[in-house]
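Report on the structure given below.
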Protein chains: 2
Amino acid sequence: MEAISINKFKGNAMRNRCQWRKRLKGRGYRLTISREAIINALRSTDKHLSAEDIYLTLHSKYPEIGLTTIYRTLELLDQMGIISKFDFGDSRARYELSGDYGNKAHHHHLICTNCLKIIDYTDFIDDELELLNKTQKELSGKYNFDITGHLIRFYGLCDECKEEKNT
Amino acid sequence: MEAISINKFKGNAMRNRCQWRKRLKGRGYRLTISREAIINALRSTDKHLSAEDIYLTLHSKYPEIGLTTIYRTLELLDQMGIISKFDFGDSRARYELSGDYGNKAHHHHLICTNCLKIIDYTDFIDDELELLNKTQKELSGKYNFDITGHLIRFYGLCDECKEEKNT
DNA sequence: ATTTATAATGATAATCATTTTCATTGTATA
DNA sequence: TATACAATGAAAATGATTATCATTATAAAT
Ligand SMILES: [Mn+2]
Ligand SMILES: [Mn+2]
Ligand SMILES: [Zn+2]
Ligand SMILES: [Zn+2]
């Protein structure tokens, strides 16, 4: 039972991870090494990469991939919901594979206002969901607004920065 | 009783609204017409203004106030917690007086992804607070993170944009 | 395998909100 | 009114992102 469900999970994860190829082809986009490389760069880290981060990561192995292509690809993948784009306040967009296409489950962020460290957390997703549903129902009725997404985020001082302040 | 509490509230609101002068002086900053004008511009609207919005609003009455000063003042006021700075995704920062200094109570935002209309909502602040406290306690323990602020936000399609899509 | 239509790319220039610089002005205090 | 220095404006600089356009690569048809 356990094994089966794990396999099931692995199967789904694997299926989803390769789904992007079909999604692209399905919409008439082509499969290119740039696109594959960019998705792999995002898949092989748990960090939130900027366009330049990705450019530098890939540059040694793929010197022909330009920054422009990185931007264009990220925009496309974001549009298709394959990646998520964030602004954490350091004046550059940061990206990560979104739930269905990456390893991370639905999560939110803890952001250190001092060093800009980002922590993914998945705690209280259930309680959160309850509030979100409630809120969503009420607000969509009250303002006749169709809610399609949400953003929850905590700001503060991380472990290290907290200590620094006490020094 | 009713009257008294209303008066009390008015009194507090009024006191807070003028608090910024003391806050500035207390920290060695000077009171200037630019600063007063900028705060008044924010106070006389319920919109979320950009630096340029404020510049244009003030320009007829105060042609001598430059955009640079607007930016500098907004940064200062944000630092002091007198205003809040937001990024709603239109590649320019937007500001509003924060709770204690403006007319609006603690609230969050509903953002139309099509026309970028922003709706302030105060519903479910209590339920929200419960979740926030819970989350806050757990996360600060688990990650040894000192939480000082949060961001909750819903995205979707507003009344008008929803109809447009059906046309 | 070759051809063909056109999507994708890279180098470069352009944008545009925000910052920096620096000489000048305004504010608060004695 | 004089003094110290915070605040300001004009102009230039910055830096992430986007637009242009000539060239190249992809995928489907031959
Ligand atoms: Mn994340
Ligand atoms: Mn608001
Ligand atoms: Zn930190
Ligand atoms: Zn709208």
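Order of the sequence lines sets the chain letters (A, B, ...), proteins ahead of strands, with each chain counted from 1. As the structure is a prediction and not an experimental result, all values here were calculated from the model.
Ring orientation note: the planes of His109(A) and His107(A) are nearly perpendicular, at an angle over 60° on the 30°/60° scale. The aromatic rings of Phe86(A) and His48(A) lie perpendicular to each other, with more than 60° between the two planes, well past the 30° mark.
Using a 4.0 Å heavy-atom criterion, one finds that Ser50(A) contacts no nucleic acid atom at all. Nucleic acid contact for Ser91(B): sugar-phosphate only, since backbone atoms but no base atoms lie under 4.0 Å from a heavy atom of the residue.
Between the CZ atom in Arg21(A) and the CZ atom in Arg35(A) there is a gap of 12.5 Å [rounded to 0.5 Å].
Along DNA chain C, the nucleotide nearest to Ile65(A) and the one nearest to Arg92(B) differ in position, and the one closer to the 5' end is contacted by Ile65(A). Comparing Glu64(B) and Gly28(B) against DNA chain D, the residue whose closest nucleotide sits nearer the 5' end is Gly28(B).
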Evaluate side-chain hydrogen bond (donor to acceptor under 3.5 Å, both in side chains) for His108(B) paired with Glu128(B), printing each intermediate quantity in order. CA-CA 11 Å; His108(B) 296 298; Glu128(B) 181 193 302; 2.6 Å; yes

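Residues satisfying the side-chain hydrogen bond (donor to acceptor under 3.5 Å, both in side chains) test with Asn144(B), not counting sequence neighbours, are Asp159(A), Lys162(A).
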Which parts of nucleotides 23-30 of chain D does protein reach within less than 4.0 Å, heavy atoms only, written one letter per nucleotide 5' to 3' as B for base, S for sugar-phosphate only and - for none? --BBS---

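If you take OH of Tyr71(A) and C1' of dT20(D), they are 18 Å apart, rounded to a whole angstrom. Arg27(A) places its CZ atom 16 Å from the P atom of dA7(C), with the value rounded to the nearest Å. Here dA16(D) presents its P atom at 14 Å from NZ of Lys85(A), a figure rounded to the nearest Å. We find that CD1 of Ile70(B) is positioned 15 Å from P of dA7(D), with the value rounded to whole Å. Rounded to a whole Å, the CG atom of Leu67(B) is 9 Å from the P atom of dT18(C).
The side chain of Arg35(B) has dT8(D) as its nearest neighbour among dT20(C), dA11(C), dT8(D). Checking dT19(C), dA16(D), dC21(D) against the side-chain heavy atoms of Arg72(A) singles out dC21(D) as nearest.
Dense packing is recorded around CD of Gln79(B), with more than 12 heavy atoms of other residues, nucleotides or ligands lying under 6.0 Å away.
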